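All figures in this text were calculated on a predicted structure; none of them were measured in a lab. Any value given below was found using the heavy atoms of this structure, including those in side chains, with hydrogens, waters and symmetry copies removed. First the proteins, then the strands, lettered A, B, ... as listed; each starts at 1.
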Amino acid sequence: MTAKSITSGKLKRRLRSILLFVSVALLLAWWFGGISYWPRMQAVQALARQDVDTAESLARIAIQIGPRTSADQFLLATIQRKQGDLVGMEKTLEEAAKFGGDVVRSVEIQRLLAQAQSGRLDGIQGQLDNLLVRGESDGREVIEAYINGCLAAARLTQAATLIDGWIDAFPEDAQPQYYKGRLLMFYNKNNEAADAFRTALARQPKHYPAAYLLGQILMQENRPNVALIQFQLAGQMVFNAAPRLAEAKALRSIGRVEEARTLLASIVKISSDEIRKSFQRVGDRYEGLPAQLELGNLELALGNHSQAVRWLDLAIDANPGDLSARHARGIALRGVGRNEDAANELQRVKDARLALREVDQLGDLINKDPSLVEERVRIGELYLLHESKLTGEYWLKTALARSPHHKKAHQLLANLYESYAAKDIRYAQLAKLHRQQSAGAAE
Amino acid sequence: MQYLNVGENLSNPICRQSPQVTQKNNVVVLRCSALSRCFFLKPRGQAYWCLVGIAIFSTIIGCRDQNSATSPNARDVEHEGRTTPVEISFHDISKSSGVTSTYRNGRESENYSILESLGGGTGAFDFDRDGQADLFFAGGGEFVNQQVKGLSTHIFRNLNGTKFTDVSEVSHIAAPETFTQACSMSDYDCDGFPDVLLTGYSGLQLFRNLGDGTFAEVHETALLLDKTWSSSAAWGDLNHDSWPDLYLAHYVNWSFENNPVCPSPWPKHEKDVCPPRAFEALKDIVYYSRGDGTFYDASEEAGLRKDGKGLGVILADLDHDLDLDIYVANDMVDNFLYKNDGKGHFTEDALVSGTATDFEGRPNGSMGLALCDYNGDLTPDLWVTNFEQESFALYKNDGNANFVHASREAGITAIGQLFVGFGTVMGDLDCDGDEDAVISNGHVVYYPTVAKLRQLPLLLQNSGDGRFAAVTAPPQNYFSSPHLGRGLAMADWNNDGLLDLVAAHNNEPAAVLLNSSVSNYPWVRIQLVGTQSPRDAIGARVVLHSSSKNQLRQVVGGGSFQSQNDLTVHFGVSIDTQVVRATVYWPSGIQQSVETLNLRQTNVVVEK
């Protein structure tokens, strides 16, 4: 036996010991959830800054590499609920239920919060209040779902009360400041809204939705150069079509037209599902094909009329009520010499705008007496007819928030959701619900 | 004075911020790339330690991310901007100039009437023909026992370019008959002396210039008998008979009998001024001259619409067919563009021309107007000031009076604040060969919720490439002080080749602003005198031909907001440019070449 072979044998034994130690350490770490700790914590942090897609990826990693626990499943279910993926949430809750133990109540709570955040608050407000009072669940989760529900159902006063309560209870939280900003934007109080978003960002520098909405306010204030910075921050989101679209608009406003065009050209390739998710994540809304519309507007401004017509045709196909797109198309058609088509398109826009003038008069009445319901329904109807289904839907919901059994409001919403049902089965359920409510109101 | 150059500001703050953001991005990228590299490390022992290291590092970074002190604070980022050297500056000489005029709108009575919101105009015109532009101010009025009363107007004679003297009384122009709003000047009788029309509540006043420094009020003998509330006015030969005609914009049917109570959006205030939609529109009127000093209502003959809530009007040849077209800025309803058939019959074509609305097809609250050629393509573009949360509109003429809304491309949506824009002028303020813009801003309600009551005036410098940048003034400057701005007019008070300004405000003394920019560029002023065309030559187009480029100006009727600019056209010329000649396209159809032009002088060109 040579010295070399002795040394080699010792080395092997030492390596085996290290390997054994490491294996045992890893086994113990896995057993006690240590390996999945990091992705889980990162998921929780991502969730705190409303980066739900990053949170989802990390939560899935935690589930895959860690011991199977209901806690990770509930974390994933919470994330899915916040993503609006209620089907996925249900599946995850079913998985969580398999672990047995005291999970039934937790599953119930998740389902209750899902219902709340969708705006179907009737009949569950007592339960939500109880959850908040008893501290049975994470108060922040409950209040957030409650606020989202109020916003979805256009119960803005109630939402304001909840947001104030959240700020009082957790003054250092970023999220209630974000909701406060959103609510103030509803009321066109942009200065105060911007302050709220800035507060949210000071507390959570990667609060992408707050950055995005702050950017939108800055754009309205003719400050695209500073808005751009916010959009670029928000562009770090996983689904970033909305901030990138906003970035393109800002770039265009500050004269970086080619960059805007390049960016828009990349956004039009993004799937509609990803675009939907992106707008949902930042708390914004859109109709049709916003990138195609912006590209059409850009080409129009550059005098590329035939290109503009091409993009605007796509935008209008996707959203026939888009008066902005139709106006731009009218000007572009004039540019390619289709004067009669241009005149017809522009006249159509004008007629719609004239019809929508009634909205201003109704709005004046509502300003004097916010409890008016018929006027709200009429505004909703006008928007549905002439411009925006989303805006129409919002006004109808404000009417139902004040008069939950208003027959016409339910009818109009049922019609609206039926028109969406072919694309998304969930709308068929909503349509059915409103149709039933409408029938009930008739009886 | 320093200006915020949008082009500079775009790249630099972002370039300075980007490394921070990118740096943070890099951390993320580093984590991912290092993580993936770990899996490929050999021997595997290294890979293990690599993973442990990355995990520790990532946890630290992850913790830091949540409360990172290095993340750019939004407010700090927003306030970071790059400024570039001053090019345009104005010196407020109001106190030393002897000009003392304050427009009164009757707010002290707290009637919350929409009549108060319009404010008054100002005018620059050489009434005594001494070669120096004089000043005029509408006086406004007050409310006494539910009655509308007028207050004195003022005319100031220019003594030496920086000193003025009040000659209102001796010129017999001060007597208040109506609550005045606009002043519009033209030599309506073509006798060589400019006359003054005043619009306002309950009627017109026409002051004929007698040529001896005095005026005679002649609206009745001139048969200008309109008694409805008129806002802006514009003179020009609309029916091609060589006599100036008159377009009158009318607003809404407010009276004490029709003065609804409108709630303030602020809970602490009970009411505020009603929006224009609370009232019916008053139809605009066009008066055609008979050529004998009298006028007749030609609104039907001309084909005017009967709606609109007119606040601003400009007469100009928008399609270069040698007749005057009409553009009307309406409040919250479509603007009008009337195309002239050459005989005084008009077709309203704003919708298809692209000038009725903003780029979304939405009518704006439009107030002030100017004609310009901001991009130097020798076609006249339209510039419109609008209400808060609406972009000021720059309509680029694509030819044949078809326009495209170009505010975004021109940087107008990057001016940095919200404004309620009223009076506006376009001129080459720094004599660098392109037209810059000035806007007078101020709110219309008592208790605004979005933009402020008093607002900064706005100076936009044309960068020469079709984009504008907001000029930032130093403290104590007129442009860094908020005002309740309304009327605005432009002239060269001291004939130094730099265009000066006069601004009227609500319930605040007017400001006389001397252009103090340091510019070495030569300039040319051309005063047109029509012989076959009306003497004022409104509608005449001048193209200045030089070795570097051609420039377009037009003598326009009306413009700004309830105000009157000097009718002399002004060009700044590049320092290395040899001015070759100018071509004048007279409304009469005569095309006249002017082969000799004196730089740094006013050149009088008589139509022949």
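- A salt bridge links Arg277(B) and Asp364(A); the closest N-O separation between the charged side-chain nitrogens and carboxylate oxygens is under 4.0 Å.
- Interface remark: Arg252(A) contributes backbone and side-chain atoms alike to the contact with chain B (heavy atom separation under 4.5 Å).
- By the 4.5 Å heavy-atom criterion applied to side chains, Arg408(B) and Asn297(A) are counted as neighbours.
- Proximity to chain B is limited to the side chain of Asn191(A), based on heavy atoms less than 4.5 angstrom apart.
- With a 4.5 Å cut-off on side-chain heavy atoms, Thr449(B) and Lys189(A) do not count as touching.
- Using a distance-only test at 3.5 Å, with no hydrogens or angles considered, a donor-acceptor pair links the side chain of Arg334(A) to the main chain of Phe403(B).
- Interface residue Thr357(B): only side-chain heavy atoms are found under 4.5 Å from chain A.
- Residue contact with chain A, scored on non-hydrogen atoms closer than 4.5 Å, is absent for Pro265(B).
- In this structure, chain B has no heavy atom under 4.5 Å from any part of Ala342(A).
- Looking at every heavy atom in both residues, His327(A) comes nearest to Phe359(B) through ND1-O, 3.4 Å.
- The two residues Gly361(B) and Arg353(A) come nearest to each other via the heavy atoms O-NE, 2.9 Å.
- Gly354(B) and Ile331(A) make their closest contact through CA-CD1, 3.6 Å (heavy atoms, listed as atom of the first residue, atom of the second, distance).
- Considering all non-hydrogen atoms of both residues, Ser253(A) and Arg467(B) come closest at O-NH2, 3.1 Å.
- Neither the backbone nor the side chain of His207(A) has a heavy atom closer than 4.5 Å to any heavy atom of chain B.
- With chain A as partner, the option from Val404(B), Leu351(B), Asp358(B), Leu418(B) having the largest number of non-hydrogen pairs under 4.5 angstrom is Leu351(B).
- Of all heavy-atom pairs spanning Ile254(A) and Ala414(B), the tightest one is CG2-CB, 4.3 Å.
- With a 4.5 Å cut-off on non-hydrogen atoms, Asn402(B) touches chain A through its backbone and its side chain both.
- In this structure, the portion of Glu387(A) lying under 4.5 Å from any heavy atom of chain B is its side chain and not its backbone.
- Two residues are said to be in side-chain contact when any heavy atoms from C-beta on lie closer than 4.5 Å; Asn188(A) and Val450(B) meet this criterion.
- Taking chain B as the reference chain and counting heavy-atom pairs below 4.5 Å, the highest number among Gln347(A), Arg357(A), Met219(A), Lys350(A) is found for Lys350(A).
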